[in-house]
Student: 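Can you keep this structure in mind? I'll have questions shortly.
In this chain, residues are counted from 1 in sequence order.
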Amino acid sequence: MTTFLVVWAGQVVSSLGSYLTGFALAVWIYQQTSSATYFGLITLATTLPGILLSPVAGALVDRWDRRTVMIVADAGSALATLALALLIWKGHLALWHIFVLLPIISCFSTFTWPAFNASTSLLVPSRHLGRAAGMTQMGDAAASLVAPLLAGILIVSIGRQGVVLLDFASYLVAIATLLGVRMPRPAATSEGTASRGSIWREARWGWSFIRQRPGLLALLLMMAATNIGMGILQVLLSPMILSFASPVVLGRVLSAAGLGVLAGGLLMSVWGGPKRRIVGMLGALFAEGLILPLGGLRASALLISIAAVAYMVTIPILNGCGQAIWQSRVPPDLQGRVFAVRRMVAWSTLPFAYLIAGPLADHVFEPLMRTGGPLAASVGLVIGVGKGRGMGLMLIVIGLFTLLVATVASRFPRLVHLEDELPDVLADPASG
């Protein structure tokens, strides 16, 4: 657990730096473009390369020393971040620079994620995997909570280039923590030995492992479907708030959302989730579907903040329970490639969401909810009309879609009984 805590702390610091840069760039992009479409395109360009690289990255993580993988990946991200800071300092930053550098950082982080999560299952007892996942979520939440408020102050005091340089320094902290620990290598299993071969064969093996287990496949498809709504929400939230409020208000709302994740992560860290983790996931999805429409009812920072806090509390429960299921049902020497394929499939719907979110908002939903628009006299009587109300309606639709996904998933027996059908490969003798 000591090694896990040290590495976890370094990753939290790195996350804080990344959130600072993300906030500073988000405000700059909106000030330059005033378009939700650009948010979607940049998010798409940032995410897609990492998704496509995931299978190969996972196979390499299983081949190589996982600590070394994380060190090299953090170093690559640090150099790309330093280039971004220099461009801002010289006054040469353009949108195309962001389209180039952020995908590079995404590719390096594609190696960090499976390496860290596959190592966690070797460092933490199976019965505490839910708590470890909760701590990971809590650390990320703490960073997202502090970053928006801190970024607003830092942009004024040290400028955007100073904020990005802090992000560069945060990667150095993460590297330093990794240099100070040792991580165990996973013991070889029969399945791991059978999967050895070319890098492409090993990359495909991750998908074969999931496909041969209907419960895990159903779990993966459920998350892929849910991520459609999540991706649209990621694109819409900032421009929706900026349509009626200042960047300062946006920072407060995002900080409130971070507070929700922090609370949910703390809950998972102490509680560890329900004994049947799939129940925790389905319950969290139903709650999300009921909460999301609240954020679209009014152009109110207070109402959106309340909905954001409640919604984000469910995220660590959903992700923590899911992470614990995967870590306890996949042999450790296969986790790199299985987790990478899992991420690729789960995130495969995000590019679609990022691609359609902006155009749907700018050219469909916003015109529908303009004063005198087609829905102004009906839906507009409930949620209001004007700038940003089309995006509010989209939040309500996303909530209804999430409820539909949760309802369908709860009626699939192989998913509901997943934990009974698949053995716990990390079961602790002491825990029975």
Student: In chain order, what residues pass the salt bridge (charged side-chain N to carboxylate O under 4.0 Å, His left out) check against Arg252, with sequence neighbours excluded?
Tutor: none
Student: Once you round to the nearest 0.5 Å, how far does CE of Met344 lie from OG1 of Thr110?
Tutor: 11.5 Å
Student: Could you tell me whether a side-chain N or O of Thr21 sits under 3.5 Å from a main-chain N or O of Ser18, the two making a donor and an acceptor?
Tutor: no
Student: Does NZ or CZ of Arg342 come closer than 6.0 Å to the centre of the six-membered ring of Phe339, within 45° of the ring's axis?
Tutor: yes
Student: Please evaluate residues Val341 and Ser54 with respect to the criterion side chain to side chain contact (heavy atoms under 4.5 Å, CB included), reporting the C-alpha separation (whole Å), side-chain torsions for both, the decisive distance (0.1 Å), and the verdict.
Tutor: CA-CA 6 Å; Val341 170; Ser54 285; over 6 Å; no
Student: Whether the side chain of Ser300 engages the backbone of Leu303 through a donor-acceptor N/O pair (distance < 3.5 Å, no angle test) should be reported.
Tutor: yes
Student: Tell me whether the guanidinium CZ or amine NZ of Arg213 lies under 6.0 angstrom from the six-membered ring centre of Phe209 and within 45° of its axis.
Tutor: yes
Student: Report the residue from Thr314, Thr226, Thr402 that forms a side-chain hydrogen bond (donor to acceptor under 3.5 Å, both in side chains) with Glu288.
Tutor: Thr314
Student: Measure the shortest side-chain to side-chain distance between Leu82 and Leu165 over non-hydrogen atoms and say whether it is less than 4.5 angstrom.
Tutor: yes
Student: Over all heavy atoms of both residues, which pair between Gln11 and Ala174 is shortest? Give the atoms and the distance, please.
Tutor: NE2-CB, 4.1 Å
Student: Does a sphere of radius 6.0 Å around CH2 in Trp64 hold more than 12 heavy atoms from other residues, nucleotides or ligands, not counting ones at 6.0 Å or beyond?
Tutor: no
Student: Hey, does the Lys NZ or Arg CZ of Arg204 hover above the aromatic six-ring of Trp207, less than 6.0 Å from the centre and inside 45° of the axis?
Tutor: no
Student: As a test of understanding, state which of Ile304, Leu302, Val309 forms a side-chain contact (heavy atoms from CB on, under 4.5 Å) with Val253.
Tutor: Ile304
Student: Please confirm whether the backbone N or O of Ala346 pairs with a side-chain atom of Asn227, one donor and one acceptor, at under 3.5 Å?
Tutor: yes
Student: Name the one of Thr177, Ile175, Val181 that satisfies side-chain contact (heavy atoms from CB on, under 4.5 Å) with Leu179?
Tutor: Ile175
Student: Drop me the distance from Phe365's CZ to Ile396's CD1, to the nearest 0.5 angstrom.
Tutor: 10.0 Å
Student: Could you give the distance from CG (Leu282) to CZ (Arg276), rounded to the nearest 0.5 Å?
Tutor: 10.0 Å
Student: Minimum heavy-atom separation for Phe108 to Ser77, with atom names?
Tutor: CB-OG, 3.3 Å
Student: Side chain to side chain contact (heavy atoms under 4.5 Å, CB included) for Met223 and Leu318? Distances and angles first, verdict last.
Tutor: CA-CA 10 Å; Met223 295 309 298; Leu318 176 67; 3.8 Å; yes
Student: How about Leu87 and Leu101: do any of their side-chain heavy atoms sit closer than 4.5 Å?
Tutor: yes
Student: More than 12 non-hydrogen atoms from neighbouring residues, nucleotides or ligands closer than 6.0 Å to CH2 on Trp347, yes or no?
Tutor: no
Student: In Å, rounded to the nearest 0.5 Å, how long is the span from CD1 of Ile210 to CH2 of Trp205?
Tutor: 13.0 Å
Student: Using a 3.5 Å distance criterion without hydrogens, assess whether the side chain of Ser246 forms a donor-acceptor pair with backbone atoms of Leu242.
Tutor: no
Student: Considering all heavy atoms of both residues, which atom of Phe111 and which atom of Val61 are nearest to each other, and what is their separation?
Tutor: O-CG2, 3.9 Å
Student: Hey, does Ile241 have a side-chain heavy atom less than 4.5 Å from the side chain of Leu237?
Tutor: yes
Student: What's the separation between atom CE in Met222 and atom OG in Ser410, rounded to the nearest 0.5 Å?
Tutor: 10.0 Å
Student: Does Arg67 use its side chain to pair, donor to acceptor, with the backbone of Leu178 at less than 3.5 Å?
Tutor: yes
Student: Any idea which heavy atoms bring Met240 and Gly388 closest together, and the distance?
Tutor: CG-O, 3.9 Å
Student: Is there a donor-acceptor contact under 3.5 Å from the side chain of Asp65 to the main chain of Thr68?
Tutor: yes
Student: Mind checking whether Val7 and Met70 have side chains closer than 4.5 Å, heavy atoms only?
Tutor: yes
Student: What do the steps show when you test Met135 against Trp8 for side chain to side chain contact (heavy atoms under 4.5 Å, CB included), and what is the final call?
Tutor: CA-CA 8 Å; Met135 288 184 64; Trp8 168 78; 4.1 Å; yes
Student: Got more than 12 heavy atoms from elsewhere within 6.0 Å of CZ, Phe352?
Tutor: no
Student: Is there side-chain contact between Val249 and Phe244, with heavy atoms separated by less than 4.5 Å?
Tutor: no
Student: May I ask you to test the Asn117-Gln335 pair for a side-chain heavy-atom distance under 4.5 Å?
Tutor: no
Student: If we only count heavy atoms from C-beta on, is the Val173 to Ser14 side-chain gap below 4.5 Å?
Tutor: no
Student: Does a side-chain heavy-atom distance below 4.5 Å link Gln327 with Thr120?
Tutor: yes
Student: Please name all residues satisfying side-chain contact (heavy atoms from CB on, under 4.5 Å) with Asp62, sequence neighbours left out, ordered by chain then number.
Tutor: Arg66, Arg337
Student: For Ile104 and Ala80, work out which heavy atoms get closest and say how close.
Tutor: CG2-CB, 4.0 Å
Student: Using every non-hydrogen atom in the two residues, find where Leu422 and Arg329 come nearest and quote the distance to one decimal.
Tutor: O-NE, 3.2 Å
Student: Test Leu20 against Asp167 for side chain to side chain contact (heavy atoms under 4.5 Å, CB included), laying out the working first.
Tutor: CA-CA 7 Å; Leu20 289 173; Asp167 187 12; 5.8 Å; no
Student: Could you state the interatomic distance from CZ (Phe401) to CG (Leu292), rounded to the nearest 0.5 Å?
Tutor: 12.0 Å
